[in-house]
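Everything on this sheet refers to the single structure shown next.
Below, each value reflects all heavy atoms present in this structure, side chains not excepted, and no hydrogens, waters or symmetry copies.
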Amino acid sequence: APMGTIDLDLADGSHTSTTTKPHIWAAPHAYITHQLNDRFWLGLGLFSRFGLGNKFADNWTGRYNLTNINFQTFSLVPTVALKVNDVLSLSAGVEIMHASFAMGQQIPSMQYIGYIPSRGEDSKMTLNGTGWGVGAHLRMTDELSLGFSYKSPVTLNIAGSADFSRHHSNMLADQGQVPHTIDTDVHSTVHLPDSFAVGLAYRPLENLSFEVGTVFTRWSTYDSMNIYFDSDFQSINHKKWRDGWNFNASVEYEPLDWLALRAGIWYETPVTNEAHADFMVPSHGRTGVSVGAGFQWGNWTLDLAYAHLWVHSLDYSETDASGIRSSVGNVSTGNSRNTVANIYSATIGYTF
């Protein structure tokens with residue numbers, strides 16, 4: 001449930017401030033494992049590896065760049081694991097990813113009244129699309145509680161449609177600045193990054209463990225998000241993100257046989273490129289803390305967790321993103337602030 005504020009300075013010297021209300025974005029997950037013999041296990045995982053959700057009012061100042069975004073992926077990963085010996089295990093899986101994409105933005109218009117060009121009413125453009133991609137997972141662990149994992153990049157080919165709330169002539173469309181308000185098919189290709197993770201656990205007591213880890217994600221593969229309209233318009237959106245690191249530490253303590261207590265903290269380095277910053281991801285690095293508890297009754301387990309995420313401020317003074325600093329939007333500079341997210345998690349497990 002994210003929320004935050006975006007402050008914008010306009011070319012006429014005025015200032016606007018927009019605060020989003022927290023909307024709930026769900027990311028379900030499910031896993032099942034089965035031991036074949038002393039050396040082999042089979043597993044199947046379903047989870048959301050990438051996702052993004054944000055929503056603004058249709059009439060807010062940055063509406064020509066974005067009014068709403070809902071991008072969600074679901075990964076299905078069948079996995080096989082091998083116990084090589086008492087100190088080393090290996091696993092590999094194939095990731096089949098499905099993505100759904102929905103985005104809205106307002107399209108400005110200029111029309112002639114007699115011989116005088118005049119601003120017309122906006123038309124809201126809604127983009128919807130779905131796509132598929134394939135990747136791979138590799139993992140190594142040993143008795144010393146040292147783990148390594150790799151998730152391969154995934155290329156999503158997304159196909160969908162662009163629909164407009166109003167259909168009218170538009171000088172800006174004739175000049176190639178915005179699409180004509182013609183309902184049409186669209187397509188895009190999105191390159192999602194691969195990542196490397198290393199974790200080290202230390203267990204001084206049977207019921208107490210500490211873990212530190214890091215994840216390196218090659219976000220530099222996310223260089224653009226271009227949308228091509230069958231009506232002969234191209235929406236070119238440079239991203240050119242930077243590679244990023246996540247550093248994390250956690251602790252788990254089991255005071256009772258049926259109770260486990262957990263806490264964690266992590267920090268993510270900035271990956272967005274402020275030269276192309278948009279309102280889709282108003283983030284320039286993140287810091288988070290989490291607490292959780294696990295309960296066990298016989299073969300059943302219940303795990304609950306809460307995390308609070310602080311999203312660091314993003315500066316829009318140098319951006320060239322479409323619809324932010326343009327002759328229509330008239331946004332001169334701005335920044336995001338007080339962006340946070342509350343994350344709630346619940347998992348039920350059963351051992352056969």
Ser75 meets the side chain to side chain contact (heavy atoms under 4.5 Å, CB included) criterion, sequence neighbours left out, with Phe47, Arg49, Val77, Glu95, Met97

Across all chains, not counting sequence neighbours, the side chain to side chain contact (heavy atoms under 4.5 Å, CB included) partners of Glu254 are Asn207, Glu252, Ala260

### Query
Between Asn246 and Asn248, do the side chains contain an N or O donor and an N or O acceptor separated by less than 3.5 Å?
yes

(request) Give a yes-or-no answer on whether the side chains of Thr333 and Asp9 include a donor-acceptor pair shorter than 3.5 Å. (result) no

Does a side-chain heavy-atom distance below 4.5 Å link [X] with [Y]?
{"X": "Ser149", "Y": "Phe196", "answer": "no"}
{"X": "Leu261", "Y": "Pro255", "answer": "yes"}
{"X": "Ile6", "Y": "Trp60", "answer": "yes"}
{"X": "Met140", "Y": "Ser89", "answer": "no"}
{"X": "Arg119", "Y": "Ser109", "answer": "no"}
{"X": "Asn237", "Y": "Ser224", "answer": "no"}
{"X": "Met103", "Y": "Met280", "answer": "yes"}

The complete set of salt bridge (Lys or Arg N to Asp or Glu O under 4.0 Å) pairs with one or both residues in residues 187-206, sequence neighbours excluded, reads Asp194-Arg218

Are [Y] and [X] linked, directly or through intermediate hydrophobic residues, by side-chain heavy-atom contacts shorter than 4.5 Å (ILVMFWY only)?
{"X": "Met171", "Y": "Ile182", "result": "no"}
{"X": "Val154", "Y": "Phe101", "result": "yes"}
{"X": "Leu314", "Y": "Leu52", "result": "yes"}
{"X": "Tyr150", "Y": "Val80", "result": "yes"}
{"X": "Phe71", "Y": "Val281", "result": "yes"}

So that I can tick it off, tell me whether Lys124 and Asp58 are bridged by a salt bridge, with the cut-off set at under 4.0 angstrom between side-chain N and carboxylate O. yes

*Can you check whether Tyr222 and His191 have ring centres sitting under 6.0 Å from each other?*
no

Would you say the rings of Trp310 and Tyr267 are close, in the sense that their centroids are separated by under 6.0 Å?
no

Determine whether more than 12 heavy atoms belonging to other residues, nucleotides or ligands lie under 6.0 Å from atom [atom1] of [X].
{"X": "Asp257", "atom1": "CG", "value": "no"}
{"X": "Glu274", "atom1": "CD", "value": "yes"}
{"X": "Gln35", "atom1": "CD", "value": "yes"}

Using distance only, find each side-chain donor-acceptor pair of residues 342-352 under 3.5 Å and give its atom names and separation, not counting sequence neighbours.
residue	atom	partner	partner atom	Å
Asn342	OD1	Tyr306	OH	2.6
Asn342	OD1	His308	ND1	2.9
Thr347	OG1	His29	NE2	2.8

Salt bridge (charged side-chain N to carboxylate O under 4.0 Å, His left out) filter on Lys55, not counting sequence neighbours, yields none

For Lys239, the salt bridge (charged side-chain N to carboxylate O under 4.0 Å, His left out) test, sequence neighbours excluded, returns Asp278

For Asp122 and Arg63, run salt bridge (charged side-chain N to carboxylate O under 4.0 Å, His left out): C-alpha distance rounded to whole Å, both residues' side-chain angles, the deciding distance at 0.1 Å, then the answer. CA-CA 10 Å; Asp122 296 340; Arg63 61 190 179 275; 3.0 Å; yes

- May I ask you to decide if the ring planes of Phe216 and Trp245 are parallel, tilted or perpendicular, using 30° and 60° as cut-offs? tilted

Problem set entry | side chain to side chain donor-acceptor pair (under 3.5 Å) between Thr5 and Thr19, intermediate numbers included | CA-CA 4 Å; Thr5 298; Thr19 300; 2.7 Å; yes

The residue among Thr339, Thr269, Thr287, Thr272 that forms side-chain hydrogen bond (donor to acceptor under 3.5 Å, both in side chains) with His312 is Thr287

